[in-house]
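Working notes, beginning with the structure itself.
Order of listing sets the numbers, starting from 1, for every ligand and every atom in it. Side-chain atoms are counted along with the backbone in the values below, which use heavy atoms only and exclude waters and symmetry mates.
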Amino acid sequence: MPQPQSIVIVGAGLAGAKAAQTLRDEGYDGRIVLVGDEPERPYERPPLSKDYLRREAERESVHVHEPAYYDDNAIELRTGASVTAIDAGAHTVTLGDGEGLSWDRLLIATGAEPRRLPLPGADLDGVLTLRTLPDSERLHDTAVAGGRLVVIGAGWIGSEAAASARQLGMDVTLIERLDVPLENVLGPTIGGLYADLHREHGVELLAGAGVEAIEGEGRVERVRLAGGRAIECSAVLIGVGVTPRTALAEAAGLAVDDGILVDATLRSSAPDIWAAGDVASALHPFYDGRRVRVEHWANALNQGPVAARNMLGAEEPYDRLPYFFSDQYDAGMEYSGLASGTDEVVIRGDVAARELIAFWVSEGRVLAGMNLNVWDVNDAVQALIRSRAVVDPARLADPDVPLEAAALSR
Ligand SMILES: Cc1cc2nc3c(=O)[nH]c(=O)nc-3n(C[C@H](O)[C@H](O)[C@H](O)COP(=O)(O)OP(=O)(O)OC[C@H]3O[C@@H](n4cnc5c(N)ncnc54)[C@H](O)[C@@H]3O)c2cc1C
């Protein structure tokens, strides 16, 4: 494929920034424009609910690159600039101020945005979401001012924010529609472990609870539950998941269905347009053609570079297993693979001590594994998943049996 003269990247998050870096690392010397609608240069989001929220990390530490990196590498970083239209045929994008940019290859890395709740009072002052640096800074200021934070939704971000707010001294009520936090992903046993963890740290966890309204005069004052109970609070954090930012791609005529549909090389339905990160729904070689769209840091980190090399003609499939991590209080975990909370769980280790590896197993094969406060096992867990071996649950659960030896057949 002839080398492109000009590459535009829409979305200056982790996937976009890593793609731009990779283009230069690969020796590409054409024009690169990295367009981001946030005022900030690219940064990583995991610290926003963890150490940066608690001010245990410096603001500068969250950025992907040093400030001078973009100029030094002739990457035209346009911050505070939004792409409002893509013309896939004419190979142009339009920016919010009307400027047009032409491209030979385009990467869409527009990420995801917090889901809204269609609740009365959801637009009151003091009702927060957590996606951006300013969101995290607002939540920090709220937390140090004290009072009670009601977190609606005990997914990863809601749970981590609840933990950090508690650690900052707030009273916290965590409301979850399901019976335990993270039940859809982890199931009742491991989700229950997180329920205990929060309760031990003084969080009021209301599981199986529905919210009817957020109430207050101009500013949030209380959350009313479906049963009628009112919880007085100084702020509410809504953590009910995110949706991929696909509107631009859809308007440009690209195939979209819960994400921009891309092949295994991250190429979209338009030949010169790729997508990476939270917004990309990719055919995954390991999952036999199933689509995988995940909202994980590692996915953005690694898909950006693969998309960049493919824009230069590499035809490299993206075949890493899904991987994410979470830290809540003193419980650090890594999770690899894809499973559902309804799959069988085999546990190696000590649930009460919160030192374990949990495996989600279906038809005798390990689909996913999570190590909690146990380290340096992630490669072995991923190898077990990749082997598709039938395992012996008793050997899998036995800490004296090396993980590689838990397989019965391949
Ligand atoms: C608080 C928080 C904590 C997290 N913690 C973890 C964790 O512990 N572990 C983990 O694995 N993952 C975690 N994640 C998820 C991880 O951060 C995301 O998967 C990752 O940020 C995705 O990167 P991305 O580049 O695809 O998208 P994003 O980071 O969303 O970046 C996309 C960028 O594109 C911009 N954009 C969108 N549309 C346009 C447009 N039209 N024009 C210009 N710019 C546009 C957006 O404003 C944004 O800046 C966390 C996320 C959050 C919010």
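Annotation: atom 41 (N) of ligand 1 to nearest protein heavy atom, Val83 O, 3.0 Å. In this structure, atom 4 (C) of ligand 1 lies nearest to the protein heavy atom Pro46 CA, 3.6 Å. Among all protein heavy atoms, the one lying closest to atom 32 (C) of ligand 1 is Ala109 O, 3.4 Å. Of all protein heavy atoms, the one lying nearest to atom 9 (N) of ligand 1 is Phe325 O, 3.0 Å. Nearest protein neighbour of atom 3 (C) of ligand 1, counting heavy atoms only, is Ser49 OG, 3.3 Å. Nearest protein heavy-atom neighbour of atom 26 (O) of ligand 1: Asp278 N, 2.9 Å. In terms of protein heavy atoms, atom 12 (N) of ligand 1 is closest to Trp297 N, 3.2 Å. Looking only at heavy atoms of the protein, atom 17 (O) of ligand 1 is closest to Arg45 CB, 3.3 Å.
Between Trp156 and Tyr194, the ring planes lie perpendicular to each other; the angle is over 60°, past the 30° to 60° tilted range. The aromatic rings of Tyr43 and His63 lie perpendicular to each other, with more than 60° between the two planes, well past the 30° mark.
Ligand-side atoms of ligand 1 in range of Ala81: 43 (C), range being under 4.0 angstrom from any heavy atom. Near Lys50, meaning under 4.0 Å from one of its heavy atoms, ligand 1 places the atoms 5 (N), 6 (C), 7 (C), 8 (O). Near Val35, the atoms of ligand 1 lying under 4.0 angstrom from a non-hydrogen atom of the residue are 43 (C), 44 (N). Counting atoms of ligand 1 from 1 in the listed order, those under 4.0 Å from a heavy atom of Thr110 are 32 (C), 34 (O), 37 (C), 38 (N), 39 (C). Shown in contact with Phe324 at under 4.0 Å from a heavy atom are these atoms of ligand 1, numbered in order with element: 11 (O). Each of the following atoms of ligand 1 lies closer than 4.0 Å to a heavy atom of Glu160: 8 (O). Each of the following atoms of ligand 1 lies closer than 4.0 Å to a heavy atom of Gly36: 43 (C), 44 (N). Set against the non-hydrogen atoms of Leu248, the atoms of ligand 1 under 4.0 Å away are 41 (N).
Taking any N or O of Ser326, backbone or side chain, none lies under 3.5 Å from an N or O belonging to ligand 1. Some N or O of Leu14 is nearer than 3.5 Å to an N or O of ligand 1, by distance alone. Any N or O atom pair closer than 3.5 Å counts here, and Tyr323 shares no such pair with ligand 1.
For Arg245, every heavy-atom contact with ligand 1 shorter than 4.0 Å involves the side chain, none the backbone. At a heavy-atom distance under 4.0 Å, only backbone atoms of Ala112 (N, CA, C or O) approach ligand 1. At a heavy-atom cutoff of 4.0 Å, ligand 1 is contacted by both the backbone and the side chain of Ala15.
A ring pair (Phe, Tyr, Trp, His ring centres under 6.0 Å) check over residues 229-272, counting only residues at least two apart or in different chains, returns nothing.
Using modelled atom types and a 3.5 Å distance limit, the side chains of Ser281 and Asp257 yield no donor-acceptor pair. For the residue pair Tyr323 / Gln382, no side-chain donor-acceptor distance below 3.5 Å is found, with atom types taken as modelled. The closest side-chain donor-acceptor pair between Glu334 and Asn371 falls under 3.5 angstrom. Thr132 and Asp135 form a side-chain donor-acceptor contact under 3.5 Å, judged by distance and modelled atom types alone.
Distances from atom 46 (C) of ligand 1 to the heavy atoms of Leu34, Asp37, Val64, Ile9 put Asp37 nearest.
Not less than 6.0 angstrom separates the ring centroid of Tyr52 from the ring centroid of His140.
Salt bridge annotation for Glu113-Arg115: absent, with no cationic side-chain nitrogen under 4.0 angstrom from a carboxylate oxygen. A salt bridge does not link Glu183 with Arg177: every distance from a Lys NZ or Arg NE/NH1/NH2 to an Asp or Glu carboxylate oxygen is 4.0 Å or more.
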(request) Report the C-alpha separation of Leu396 and Leu384 in whole Å, then their side-chain angles, then the decisive distance to 0.1 Å, and conclude whether the side-chain contact (heavy atoms from CB on, under 4.5 Å) test is met. (result) CA-CA 10 Å; Leu396 194 59; Leu384 201 52; 3.7 Å; yes

(message) Phe286 vs Arg320, test: side-chain contact (heavy atoms from CB on, under 4.5 Å). Steps then yes/no.
(response) CA-CA 8 Å; Phe286 180 74; Arg320 284 178 186 252; over 6 Å; no

(request) Test side-chain contact (heavy atoms from CB on, under 4.5 Å) on Arg55 and Glu137 and set out the steps. (result) CA-CA 10 Å; Arg55 292 297 184 275; Glu137 288 165 350; 3.7 Å; yes

Indicate every side-chain donor-acceptor pair of residues 229-244 with a distance under 3.5 Å to a residue at least two apart or in another chain.
| unit_1 | atom_1 | unit_2 | atom_2 | d |
| --- | --- | --- | --- | --- |
| Arg229 | NH1 | Glu204 | OE2 | 3.0 |
| Arg229 | NH2 | Glu204 | OE1 | 3.4 |
| Arg229 | NH2 | Glu204 | OE2 | 2.9 |
| Glu232 | OE2 | Arg222 | NE | 3.3 |
| Ser234 | OG | Gly146 | O | 3.3 |
| Ser234 | OG | Arg148 | N | 3.2 |
| Ser234 | OG | Arg148 | O | 3.1 |

